[in-house]
Amino acid sequence: MIAILLAVVLLVVGGIHYYLWKRLVKDTTRSRRGRIIGSVIAVLLALVIPATLALSRALPHAQQPIVAWPGYLWLALMFYLLVTLAMLEIPRLAVRLWQRRSRPAPSALPDVSDDPDVSDEPDVSGKDDAGAFAAEAPMVDPGFDASRRLVLGRSLAVTAGVLSASAVGIGVYQAMGAPNLKRVPIRLAKLPRSMDGFRIAVVSDIHLGPLLGRSHTERIVRMINGVDADLVAVVGDLVDGSVAELGSAAEPLQDLRGKHGSFFVTGNHEYFSGFQEWVDEVNSLGVRVLRNERVDVLGLDLAGVNDLSGEDVGDGPDFAKALDGRDANRPVVLLAHQPIQAHEAAKHGVDLQLSGHTHGGQMVPFNLLVGLQQPIVAGLGTVDGTQVYVTRGAGFWGPPVRFGAPPDISIVELHGA
């Protein structure tokens, strides 16, 4: 299975780099030396992607950024070059068609039958009129089309490069900067009047790992504590690594302040990172892990279920265990990492589900693909009658780039209907 997956990755990456080579090297260079240099660079960059994916977790944690930074930045730039060049194929085709129509016509013999200056007498010089005209007529430069194609190729390559580099630059700035604080008012019909204005600080996808460490956690804790929320909900994907590697980076979570506590549910990445040791570690930091269970908060049922990825290791979500037997007149807020879990939540009468996982797409237009797998990519929506709020998350996975989907910490304010 791993060998098949690796073969697919190499095939896709190789195909993308061949396309980039064609548009950025073959279409923009004339000299043999230039094409050789460009070809070597393209091959090396193609190898960077699988090497980064393999080494960013295999190396000791302290050495991972050495590989992760250049590798993931190229992955992001490759993605935007592919998208931009693909979009430029339409104007490329239009310009090529226009160039063909405006190309000078080949030389042709003129109609001289009615020309009074042309004599009917034989040419005694040994050269007829047609031959004389052909000698004087302008010929089409055989390099004319090649020159136009070169100019077009270089122009579009520069355009794609500038747009792609700009997108990645802006994306890095947003990804490494502070998350946005978003105020999100949500109405619940069953909410007790005494809880009107109850605020839940929702954060997801912190993704501590090769490129995000302790300072990232400290900033998130500082921002959440600054709003003095009634409750804190961390809805999965805290880490990309083991407790031994990232325990210190997660330690600032012990300083989280919520008037009625801080809570956590597992995300898919916890199951790639040793979920049981992280469940124990997060609990030890004073953040309660809700594992298919619920608690009472001032007359509101706060429930949490494990992520779907836990099914592979016998630790999947159990909605019945978390939600059966409760008072149906009480409102219930469910913490579940993936928005798609709302389909099952709706069957159990959940009023509001708080989720993450999607990163809002992280890098537009990737959000369009995320929307094919998840019912809601970001923001507030409804799934089978249940309200679902999806935060974009505070971190990133893979490329340190968030373009068109800035990170956020959401302050959900509950109000009665």
Side-chain angles (χ1 to χ4, degrees), residues 72 75-76 79-80 82-84 86-87 167-168 170-187 200-207 212 220 233-238 240 265-272 304-309 317 333-346 350-413:
Y72 283 129
L75 180 60
F79 173 74
Y80 278 113
L82 175 64
V83 171
T84 307
M87 293 174 63
V168 172
I170 293 171
V172 170
Y173 177 79
Q174 290 188 329
M176 302 306 295
N180 297 327
L181 276 174
K182 294 180 61 179
R183 175 181 171 271
V184 185
I186 298 178
R187 295 191 175 277
I200 304 175
V202 182
V203 63
S204 179
D205 302 280
I206 294 173
H207 282 295
L212 292 172
I220 290 170
V234 185
V235 286
D237 278 7
L238 171 65
D240 288 302
V265 290
T266 55
N268 54 308
H269 282 253
E270 273 69 58
Y271 292 97
F272 307 148
V305 292
N306 300 344
D307 184 66
L308 290 166
S309 297
V333 174
L334 175 70
L335 309 183
H337 180 61
Q338 298 191 42
I340 199 171
Q341 294 176 273
H343 293 295
E344 189 66 26
V350 169
D351 298 290
L352 172 64
Q353 176 175 308
L354 301 176
S355 298
H357 183 65
T358 67
H359 299 200
Q362 185 163 325
M363 301 191 318
V364 170
F366 195 69
N367 57 306
L368 301 178
L369 295 178
V370 175
L372 299 177
Q373 197 258 343
Q374 298 290 336
I376 299 173
V377 176
L380 182 63
T382 302
V383 176
D384 299 339
T386 290
Q387 292 190 90
V388 181
Y389 178 75
V390 181
T391 173
R392 292 191 180 99
F396 54 81
W397 183 81
V401 176
R402 299 200 61 149
F403 182 70
D408 70 54
I409 297 170
S410 299
I411 310 302
V412 172
E413 294 184 1

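Using a 4.5 Å cut-off on side-chain heavy atoms (C-beta onward), Trp397 and Asp240 make contact. Looking at Glu270 and Asp307, their side chains never come closer than 4.5 Å, going by heavy atoms from C-beta outward. By the 4.5 Å heavy-atom criterion applied to side chains, Pro365 and Phe79 are counted as neighbours. Side-chain contact between Pro407 and Phe396: absent, with no pair of heavy atoms (C-beta onward) separated by less than 4.5 Å. Pro317 places a side-chain heavy atom less than 4.5 Å from the side chain of Gln341. Under the 4.5 Å side-chain criterion, counting only non-hydrogen atoms from C-beta, Thr358 is in contact with Pro339.
Ala378 pairs by the side chain to side chain contact (heavy atoms under 4.5 Å, CB included) definition with Arg392, not counting sequence neighbours. The side chain to side chain contact (heavy atoms under 4.5 Å, CB included) check on Phe272 picks up Asn268, His269, with sequence neighbours excluded. For Asp408, the side-chain hydrogen bond (donor to acceptor under 3.5 Å, both in side chains) partners two or more places apart in sequence, or in a different chain, are Thr391, Ser410.
Sorted by first then second residue, the ring pair (Phe, Tyr, Trp, His ring centres under 6.0 Å) pairs that include residues 352-383, not counting sequence neighbours, are His207-His359, His337-His357. For residues 175-185, the set of pairs meeting the side-chain hydrogen bond (donor to acceptor under 3.5 Å, both in side chains) definition, not counting sequence neighbours, comprises Arg183-Glu413. A side-chain hydrogen bond (donor to acceptor under 3.5 Å, both in side chains) check over residues 373-383, counting only residues at least two apart or in different chains, returns the pairs Gln338-Gln374.
Closest approach of Val388 to Ala342, counting heavy atoms only: CG2-CB, 3.5 Å. For the pair Leu75 and Pro399, the tightest heavy-atom approach, listed with the atom from each and the gap, is CD2-CG, 3.9 Å. Scanning both residues, Ala175 and Pro400, for their nearest heavy atoms gives CB-O, 3.4 Å. Here the closest non-hydrogen pair linking Ser204 and Gly236 is OG-O, 3.6 Å. Taking every heavy atom of both residues into account, Tyr389 and Leu352 meet most closely at N-CD1, 4.3 Å. Residue Arg402 comes nearest to Gly393 through the heavy atom pair NH1-O, 3.4 Å, listed as atom of the first residue, atom of the second, then distance.
Each of Asp237, Leu212, Val234 was checked for a side chain to side chain contact (heavy atoms under 4.5 Å, CB included) with Ile206, and the lone residue meeting it is Val234.
Judged by distance alone, the side chain of Gln362 and the main-chain N or O of Ala405 form no donor-acceptor pair under 3.5 Å. Put simply, the side chain of Thr386 gets close to the backbone of Val350: a donor and an acceptor are under 3.5 Å apart.
Atom CD1 of residue Ile186 and atom CD1 of residue Ile200 lie 8.0 Å apart, to the nearest 0.5 angstrom. Taking CD of Gln353 as the reference point, atom CG of Leu334 lies at 5.0 Å (rounded to 0.5 Å). Between the CG atom in Leu372 and the CG atom in Asn367 there is a gap of 10.0 Å [rounded to 0.5 Å].
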Check step by step if side-chain contact (heavy atoms from CB on, under 4.5 Å) holds for Ile340 and Leu308.
CA-CA 9 Å; Ile340 199 171; Leu308 290 166; 3.6 Å; yes
Using the rule given for side-chain contact (heavy atoms from CB on, under 4.5 Å), can you reason through Thr266 versus Tyr271, listing the C-alpha separation, both sets of side-chain angles and the distance that settles it, and then say yes or no?
CA-CA 8 Å; Thr266 55; Tyr271 292 97; 3.1 Å; yes
